[in-house]
Amino acid sequence: MRIIVSTHQGTLYNEEIDYFTVHKTDGDFGVMKDHIPVIAVMDEGYIKIVRRNDEFYIVIINGILDYHDNLATILVQEAHIGRDAESAKNHLLEVRKARLEQNRKESVDLTQKEKELRENIAKSKAGNL
């Protein structure tokens, strides 16, 4: 079976796997080869992926899972892969924190630039006849 995890930035993971389990706030379930079709909404949680003797975790924020014909397609707002769920979640939270700080800085920069633009327009008397 194959699993594909995609964000708005592109494909995060696309591999053949043995099985996966989904851990959501309202419960858990596992999916193995030839499982019945499943559609699930995930607000926050993680997916444990098992491939051969290796296992790792993809922490998910706001996603939807569609599984049919041995293909799991997961579209998510944000996700991160880790060796355990806790480390993946911590890294994702760090990335989100840095992104929020950058957005806040850019917002302040844009506000300052808009103020400067208005002052320069007023000084140049642009638009006055």
Side-chain angles (χ1 to χ4, degrees):
M1 70 189 293
R2 178 169 289 277
I3 189 168
I4 302 169
V5 180
S6 298
T7 70
H8 65 283
Q9 296 173 329
T11 302
L12 179 68
Y13 187 79
N14 182 353
E15 293 287 334
E16 291 289 325
I17 63 168
D18 295 333
Y19 69 92
F20 66 94
T21 58
V22 177
H23 301 271
K24 315 184 333 167
T25 54
D26 60 348
D28 303 345
F29 64 92
V31 177
M32 297 182 78
K33 186 177 179 185
D34 298 327
H35 194 281
I36 62 170
V38 174
I39 294 178
V41 176
M42 299 178 66
D43 52 346
E44 194 171 304
Y46 64 89
I47 297 169
K48 175 183 166 186
I49 295 176
V50 177
R51 182 174 183 224
R52 296 184 195 101
N53 292 328
D54 199 15
E55 67 181 44
F56 52 94
Y57 299 79
I58 301 178
V59 174
I60 304 286
I61 295 178
N62 296 330
I64 185 164
L65 160 75
D66 174 32
Y67 176 84
H68 65 279
D69 299 328
N70 290 318
L71 174 64
T73 305
I74 305 165
L75 304 173
V76 298
Q77 180 181 353
E78 293 190 69
H80 184 73
I81 299 175
R83 281 287 167 197
D84 59 70
E86 194 62 33
S87 69
K89 183 177 181 179
N90 289 340
H91 186 267
L92 181 59
L93 292 175
E94 289 173 16
V95 168
R96 290 186 89 198
K97 183 178 177 182
R99 188 178 307 125
L100 287 172
E101 185 60 36
Q102 182 66 28
N103 288 346
R104 190 175 4 261
K105 182 180 179 226
E106 288 174 3
S107 177
V108 171
D109 290 348
L110 288 176
T111 302
Q112 180 62 32
K113 296 295 181 193
E114 183 179 6
K115 180 182 175 187
E116 291 172 8
L117 179 61
R118 289 179 190 276
E119 290 171 357
N120 288 330
I121 290 172
K123 286 179 188 176
S124 69
K125 298 182 181 174
N128 293 342
L129 296 175

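All heavy atoms count here, side chains included; hydrogens, waters and symmetry mates do not. These numbers come from a predicted model, not from an experiment.
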Which distance, rounded to the nearest 0.5 Å, do you find between the [atom1] of [X] and the [atom2] of [Y]?
{"X": "Asp84", "Y": "Asn90", "atom1": "CG", "atom2": "CG", "result": "8.5 Å"}
{"X": "Arg83", "Y": "Tyr57", "atom1": "CZ", "atom2": "OH", "result": "10.5 Å"}
{"X": "Ile3", "Y": "Asp18", "atom1": "CD1", "atom2": "CG", "result": "12.0 Å"}
{"X": "Ile17", "Y": "Met32", "atom1": "CD1", "atom2": "CE", "result": "10.5 Å"}
{"X": "Arg51", "Y": "Glu16", "atom1": "CZ", "atom2": "CD", "result": "8.5 Å"}
{"X": "Leu12", "Y": "Leu75", "atom1": "CG", "atom2": "CG", "result": "12.0 Å"}

Determine, using the 4.5 Å side-chain heavy-atom cutoff (strictly less than), whether [X] and [Y] are members of one ILVMFWY cluster.
{"X": "Tyr46", "Y": "Val38", "value": "no"}
{"X": "Ile81", "Y": "Leu65", "value": "yes"}
{"X": "Ile47", "Y": "Val31", "value": "yes"}
{"X": "Tyr67", "Y": "Phe29", "value": "yes"}
{"X": "Val59", "Y": "Ile49", "value": "no"}

Query - Lys24 side chain to Val41 backbone, donor-acceptor under 3.5 Å - result: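 At least one qualifying donor-acceptor pair exists.
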**Report entry** Any donor-acceptor pair under 3.5 Å from Asp69 side chain to Leu71 backbone
**Finding:**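 No, the answer is negative, given that no donor and acceptor are paired below the 3.5 Å cut-off.
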Requested in this report: May I ask you to check whether Arg2 and Asn70 show a side-chain donor-acceptor distance below 3.5 Å?
Outcome: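 No donor-acceptor contact under 3.5 Å links the two side chains.
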Query raised in the report: Are side-chain heavy atoms of Ile74 and Ile4 found at a separation under 4.5 Å?
Result: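 No, too far: nothing below the 4.5 Å cut-off.
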Report task. Please tell me if the side chains of His35 and Tyr19 come closer than 4.5 Å, counting only heavy atoms from C-beta onward. Result ->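 Result no, sub-4.5 Å side-chain heavy-atom pair not found.
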Report task. List the steps, then state whether side-chain contact (heavy atoms from CB on, under 4.5 Å) holds for Asn62 with Asp43. Result -> CA-CA 4 Å; Asn62 296 330; Asp43 52 346; 4.2 Å; yes
**Report entry** Least distance between heavy atoms, Ala79 atom then Ile58 atom
**Finding:**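 The pair with the smallest heavy-atom distance is CB-CG2, 3.9 Å.
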Requested in this report: Compare every heavy atom of Met42 with every heavy atom of His23, then report the nearest pair and how far apart it is.
Outcome: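 Residues His23 and Met42, closest heavy atoms: O-CE, 4.1 Å.
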Query raised in the report: Under 30°, 30 to 60°, or over 60°: which ring-plane class applies to Tyr13 and Phe56, parallel, tilted or perpendicular?
Result: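 Perpendicular.
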Query raised in the report: Would you call Arg52-Asp54 a salt bridge at under 4.0 Å N-O?
Result: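 No, Arg52 and Asp54 are not salt-bridged.
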Query - Lys97 with Glu101: basic N within carboxylate O range, under 4.0 Å - result: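 Result for this pair is no, no salt bridge flagged.
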